Structure formats: C-alpha cells, structure tokens
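Data first, discussion second: the structure below is written as structure tokens.
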Protein chains: 2
Amino acid sequence: MLLFSERLHVGVNKPVKKTKRATIEDVARKAGLSKTAVSFVFNGRSGVSAESQKRIMQAAEELGWRPDARARALSLSQTHVLGLVVKRDPSLLSTDPFFAGFVSGVQMGLAEHNYSLMLQVVSDTEAERLAYQQLVREAKVDGVFLTDLETEDFRPRLLTTLRIPIVVVGPPSHETENVAAVEMNDAAGVKRAVQHLAALGHKVIGHVSGNDKYVHTRSRRDAWIETLEELGLPQGPYISADFTGEGGARATHELLDLPNAPTAIVYGNDLMAIAGMFAAGDRGLSVPNDLSVIGFDDIPLAPYVTPRLTTVRQNAIEWGRCAALTLIALVENRPFPEFEMPPVEFIVRSSTGPAPHLPPAVTAPNHDR
Amino acid sequence: MLLFSERLHVGVNKPVKKTKRATIEDVARKAGLSKTAVSFVFNGRSGVSAESQKRIMQAAEELGWRPDARARALSLSQTHVLGLVVKRDPSLLSTDPFFAGFVSGVQMGLAEHNYSLMLQVVSDTEAERLAYQQLVREAKVDGVFLTDLETEDFRPRLLTTLRIPIVVVGPPSHETENVAAVEMNDAAGVKRAVQHLAALGHKVIGHVSGNDKYVHTRSRRDAWIETLEELGLPQGPYISADFTGEGGARATHELLDLPNAPTAIVYGNDLMAIAGMFAAGDRGLSVPNDLSVIGFDDIPLAPYVTPRLTTVRQNAIEWGRCAALTLIALVENRPFPEFEMPPVEFIVRSSTGPAPHLPPAVTAPNHDR
DNA sequence: TTGAAAGCGCTAACAG
DNA sequence: CTGTTAGCGCTTTCAA
C-alpha cells in the first residue's frame with residue numbers, strides 16, 4: 001500500500017518489531033558451554049575441543065547468531081571501521097572518476113580484513129574539520145584516509161594531534177613527510193603526454209590545470225614544466241582552472257587568444273579536455289588538425305567523444321586497495337604489506353595529431369636548438 | 001622520510017601511541033558531579049542546573065571529551081549508522097552520476113540527525129547478500145537503503161526477515177509494496193522526452209534502455225511505450241543495452257540497421273546517448289539533422305559534447321536527502337516527514353531537431369491519423 | 001580444555 | 001536537582 005503523490009511516494013510506516021537478538025550467552029547455553037568457549041571459537045583461537053567447536057557452531061547457526069559489532073567495539077576498543085571524508089561540491093563529485101574507483105578499491109582492501117568504510121561527504125573546510133573531529137573524538141573509526149591533499153593542508157597536523165592512524169593518498173609532497181602515504185606517480189602520466197606531443201612536432205604545448213590549491217594539481221603542472229625543459233622546449237602557457245567543464249572551456253579560449261597560442265594542450269582532467277575540444281570547435285578550430293588535446297583520467301566516455309580522447313589512465317582501484325591495506329596495517333600496528341602497483345597508462349586516441357604546419361597565431365619565439 | 005619506488009611510496013610506520021581517552025567518569029570527577037549529570041547534559045535532557053551544566057561543558061572541553069560512540073551504541077542498542085550497499089561493476093560505478101549525487105544527498109539528511117553512513121561496494125549478488133547479512137546480523141547499522149531494485153529482487157524479503165528498517169529508493173514497482181519507499185517519477189522525464197520528439201515531427205522514435213533486470217529500466221521503457229501510445233504514434237524499435245558506452249554504440253547501430261530505423265532515439269542514460277551519437281557519426285549520419293538523440297542524467301559533460309546533449313535531469317541530491325530522512329524516521333519509529341521534491345527537469349540542447357524530411361531508411365508504416 | 005568474573009564507557013531506572 | 005547502580009554483549013584474565 002502506497003501513498004502516491006506526483007512528487008514522492010512513501011510506503012506504510014510499519015515499525016519493525018525489535019525482536020530480541022540472540023546473545024553469546026544464548027549460544028553458550030544452547031551448546032552447553034561457556035561464553036568464553038564461544039568467543040574463542042568465533043575469534044579463531046585454540047583451546048576448544050573439536051567436539052565443542054562443532055556444538056558451538058551449530059548452536060550459533062540455529063540461532064542465527066554473529067558477534068555483535070557494537071559490543072566487540074567496546075570491548076576491544078576497536079571499531080574495525082575506517083573513515084573517508086570527501087570535501088567536494090556535490091555537483092563536482094559526480095564528475096570525479098577517481099572517487100568511485102578509489103572507493104571500490106578501498107572496499108576490496110577492507111573486505112580482505114573484515115573492515116568497513118564510513119563515508120562522509122562535506123562541502124566546506126569547516127564541515128570537514130568537524131567531520132574529522134567527530135570521527136576521532138567519538139571513536140567512530142580506527143583510522144582515516146586523507147585524499148585530495150591541499151598545499152598547507154591542516155589535516156595531517158590535526159589528525160596527528162588527535163592521535164589516530166592516517167594514510168595519505170596522492171602525489172608526494174612535503175605535507176606527506178613523516179606520515180604514511182600511498183603515493184602515486186601521476187607526474188609520469190603527464191610526462192608521457194608531453195613527450196607524445198613533442199614527438200608529433202608540437203613546439204608550443206599549453207596546460208590547463210585544476211584548482212591550484214591541490215597538491216596533485218601542482219604535481220601535474222610541475223611534471224609538464226619539467227618535461228618541457230628536458231625536451232628543450234620553451235615553457236608553454238598555462239591557466240589554472242577548476243576541473244569543471246565550464247572552467248576548461250574558458251581556459252581553452254584564453255589560451256587560444258594568446259599571441260603564442262599553443263598547438264597542443266594537456267589538461268588536468270578529461271572533463272576539461274572535452275570541454276576544451278568543444279571550445280576549440282566553437283572557434284572553428286579542428287581537433288586534432290589545428291589543436292591537439294590530451295586529458296587525464298580516461299573516463300568511460302573518453303572513447304566516445306569526437307574526436308576520441310587521448311588521455312592518461314590511473315588505476316584508482318589498485319590505489320584504493322593499497323591505501324586500505326596500508327591503513328589497516330597501521331591500525332593493527334603491523335608492518336606494511338608489499339605492493340605491486342600497475343604503472344600509469346597513456347592512451348593514444350584521435351585527439352592528438354601532428355603539429356599544424358602554420359601555427360594558428362604569431363610564431364612563438366624559438367629559443368636555442 | 002619516505003621510501004621511494006617507481007610505483008609506490010610508503011611513509012614511515014610510526015605507530016600511533018594509544019593514549020588513554022578521557023571517559024565520562026573523568027569529566028564527572030573534574031566537574032565535581034556524577035556521570036548521570038554529564039550524560040544528561042550531553043543528551044540534551046533537563047534536570048541539570050545551569051551552573052552544573054556550565055561546569056560540565058567546561059570540564060569536557062578541557063579534556064577534549066565527547067561521548068564514545070561505541071559505548072553509546074552498546075548501551076542504546078543503536079549505532080546511529082545507516083548502511084548503503086552498492087552492487088556495481090567498479091568500472092561502471094565511476095560512470096554513474098546518480099551514485100555520487102545520491103550519496104551527497106544522503107549525507108545531508110544524515111548530518112541533520114547526526115547519523116553516519118556505512119558504504120559497501122560489492123561486485124556480485126553473492127557478495128551483496130553477504131554484505132547485508134553482516135551489516136544486520138552483526139548490528140553494524142540501524143537501517144539500510146535499497147537502491148537499483150531489480151525485478152524479483154531478493155533484498156526486500158531478506159531484510160524484512162532480518163527485521164531491519166529499510167527504505168527503497170527508485171521508481172514504484174510491486175517489489176516496493178509494504179515497504180517504505182522514496183519513489184521518484186523518472187517516467188515523467190522520459191515522457192517529456194518523447195513528447196518533445198513528437199512535437200518535432202518524429203514518427204519513429206526508438207529507445208535504448210539499460211540492463212533489463214532493473215526496475216528503473218522497465219519503468220523508463222514503459223513510459224516510452226505509453227507516451228507513444230498516448231500520442232497515437234506507432235511503437236518504435238528498442239534494444240536493451242547495459243548502460244555502457246560500448247553497449248550504447250552497438251545498440252544504436254542495430255537500431256539504425258533496422259528497416260524502420262528511428263529518426264530519434266531516447267536513451268536510458270547519457271553515456272549511452274553520447275556513444276550513440278558517436279556511432280551515428282561513424283555511419284555518416286549527422287545529429288540532429290539525420291537523427292535526434294536524448295539522454296538521461298545530465299552528466300556534467302552533457303553541455304560539452306558535440307552536439308550538446310538534450311537530456312533529462314533528476315535531482316539525485318534531494319532524492320538522497322529524502323531517503324535519509326525517511327529511513328531515520330523509520331529507525332526512530334517516528335512518523336515520516338513531509339517532502340517537497342523538485343520535479344524532473346527536461347533540458348533541451350542541440351542533439352534534438354526536426355524530423356528529417358526523408359527518412360534514413362524505408363518509410364515506416366504510418367498507422368491511423 | 002573449560003568457566004567465572006571483571007571490565008570496556010555509556011545510558012537510564014530508581015532512590016534520595 | 002543529584003548520585004548510585006544495573007545493565008548493554010562481548011573479550012580476556014585467571015583459576016580450576
């Protein structure tokens with residue numbers, strides 16, 4: 001039976017009767033043994049005869065009993081829950097291919113050790129600070145993940161003060177010193193991208209980065225700069241945008257308005273890159289004939305836009321799994337496991353091509369060699 | 001200090017010293033009052049003098065104390081945690097704009113009542129069943145959300161048996177009978193889409209749906225069929241795909257290979273729609289001149305593909321918030337709150353246009369009027 | 001190999 | 001208004 005309205009349905013409010021849950025006591029009684037025995041069996045400890053063990057398992061089965069996580073948490077001073085706080089504009093979150101993959105990976109890691117994930121989405125720094133404080137002070141979690149590190153991030157200090165295990169996920173930076181960190185080399189991806197463009201003959205290679213406050217934004221930009229230097233190419237122009245389509249389109253226009261407009265642009269993510277191609281099209285430019293474009297993330301849509309997007313792919317899932325296993329090891333005070341991380345992939349599709357013969361604007365000054 | 005490798009960094013394993021947490025006892029002693037007084041103050045109950053209240057708050061502040069969630073959970077037989085289990089191929093998850101918005105909305109609702117969210121991502125039905133069982137049998141959550149309902153879904157029954165409050169999120173169906181449900185009318189969006197196409201003169205309107213097992217897939221397809229009927233148009237061809245880009249492209253080719261190929265296609269999501277446009281382009285068809293395309297979701301990229309995608313937008317955030325508030329009410333055995341849900345939006349961009357004069361294939365048989 | 005009993009930190013009767 | 005006390009369901013020490 002449902003109450004129907006144009007906008008929303010709500011079914012009957014049939015209160016769920018709270019039937020008494022079976023307890024360890026019940027299981028022990030049914031098995032004719034003590035609580036201790038039951039506890040030992042369910043925690044895989046020796047000291048219970050095979051016979052008793054069987055009786056206990058059967059009793060538990062019949063009662064549908066499993067140790068109560070709340071009671072365990074209190075008794076062990078350990079929740080077996082890890083926290084992930086994500087600060088992001090809700091509308092942007094849906095955009096973020098990293099997030100979903102990372103969370104999936106985290107789950108895989110957690111599942112291997114029977115941990116659970118508590119997720120919190122917040123929209124500003126104040127809420128974020130509060131979220132961490134609550135998580136820790138109310139002992140809701142045993143450890144937390146730190147993602148999207150910012151320059152001068154307050155979280156490593158805060159959480160160290162709060163005395164809770166953390167693992168930082170992201171590119172290396174001075175913020176991650178003295179802290180467990182699963183660091184991925186997304187710089188390598190950008191490097192491959194720039195090298196690819198240089199090999200195609202591009203001389204002016206621009207960059208549209210994400211929001212400047214993020215460590216990973218800097219890390220990618222630095223990689224772009226360094227690679228250009230290594231190749232003996234002049235540093236191209238760049239604009240720091242905000243990871244949104246609108247920002248990417250605007251930045252692209254600004255770059256193309258420049259006197260030394262780039263013939264190729266490396267973007268901080270796929271969304272900006274695709275919006276950038278759109279912007280280029282708006283100006284009558286053809287990708288990749290007039291402009292080459294490279295994204296970052298390899299979203300599922302990347303092979304289905306026109307032209308198909310050349311991009312960098314990171315294995316967010318593996319990254320998440322490693323982060324989870326590392327944090328669990330830290331929480332349990334065990335040595336870190338060894339990981340074999342797949343390398344960053346560079347995927348060439350159709351949005352990159354040879355540099356145009358005639359630069360779209362004034363010839364850029366060509367330094368040495 | 002960091003150990004560096006090409007693939008992965010792991011920082012120092014500096015074990016966090018477990019310093020003794022302050023307890024309610026400590027706070028009471030420091031304030032010169034009893035535990036009861038402290039408990040009352042922190043649970044907003046009357047019966048403590050303003051003077052005592054102040055002393056308690058100050059003592060707690062100085063000790064950095066907050067009630068331990070684990071102890072509260074045990075004492076109250078209530079975790080203040082709600083569970084969300086998502087069964088999805090990890091690679092597909094990152095695609096799903098609904099998921100992120102929904103989770104954000106859920107958080108908003110939870111935050112209003114100091115609840116937390118436990119998230120679990122699983123990849124198959126067996127893992128899913130196990131996840132729910134654990135969540136409930138180990139009392140890790142007070143209630144759970146059910147999303148992506150399938151036809152003949154085992155979950156409503158399972159969870160009812162397990163005696164835990166649930167709220168189903170999705171379009172109405174017989175699976176949601178006798179169960180609290182926040183139901184959204186995504187059929188209305190499809191209806192608007194079909195009407196829009198009919199108004200543009202399209203006679204053969206096709207449909208590419210998502211995986212058939214989902215209730216929302218059926219709901220959208222039924223809306224497409226019914227609207228066509230209402231408009232006196234013949235039922236167009238449809239293919240049920242799988243929400244992926246590849247599936248969408250393949251389905252589009254199949255549809256366009258048909259003798260009565262559609263001049264317009266309504267897709268079950270944006271990803272398939274965009275891949276469909278790509279497929280059309282591959283065959284030398286121009287969108288919207290030869291084929292009109294409508295998506296579903298309004299992903300951030302929708303305005304930045306060529307042509308800009310006409311689509312349906314649901315307010316996943318509000319949906320999530322409502323679901324959360326409903327579930328909390330259910331858990332606390334309170335009457336359901338009233339909601340004012342924003343209506344589904346239909347967003348016209350450039351991927352839809354007048355029906356072509358000459359159908360791309362054989363003329364479709366034109367029934368009555 | 002088994003069991004009794006003392007916590008874990010909080011809430012909530014109940015008595016003062 | 002304030003304090004005492006008995007749980008909540010489990011783990012774990014210690015003695016049998």
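Because the structure is predicted, anything quoted here is derived from the model rather than measured. Lettering of chains follows the sequences in order, A, B, ..., and the numbering in each one begins at 1.
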Going through the distances and angles, do B/Thr36 and B/Ser39 end up as a side chain to side chain donor-acceptor pair (under 3.5 Å)? CA-CA 5 Å; B/Thr36 309; B/Ser39 176; over 6 Å; no

Charged N to carboxylate O below 4.0 Å: is that the case for [X] and [Y]?
X        : Y        : value
B/Glu112 : B/Arg321 : yes
A/Lys87  : A/Glu150 : yes
A/Glu152 : A/Arg157 : no

Length of the [atom1]-[atom2] vector between [X] and [N], whole Å:
X       : N     : atom1 : atom2 : value
A/Glu51 : C/dT2 : CD    : C1'   : 14 Å
B/Arg29 : D/dT4 : CZ    : C1'   : 16 Å
B/Leu33 : D/dT4 : CG    : C1'   : 14 Å

SG on A/Cys322 to CD1 on A/Ile317, rounded to 0.5 Å: 12.0 Å

Parallel, tilted or perpendicular, as decided by the 30° and 60° cut-offs, for the rings of B/His80 and B/Tyr115: parallel

Does NZ or CZ of A/Arg129 lie under 6.0 Å from the centre of the six-membered ring of A/Phe154, at an angle within 45° of the ring axis? yes

Take nucleotides 8-16 of chain D nucleotide by nucleotide from the 5' end and write B, S or -, depending on whether a protein heavy atom sits under 4.0 Å from the base, only from the sugar-phosphate, or from neither. BBBBBB---

Tell me the bend of the helix from C/dT1-D/dA16 to C/dG16-D/dC1 as the angle between end helix axes, each from five pairs, rounded to the nearest 10 degrees. 40°

Is it true that a side-chain atom of A/Arg155 and a backbone atom of A/Thr147 form a donor plus acceptor pair closer than 3.5 Å? yes

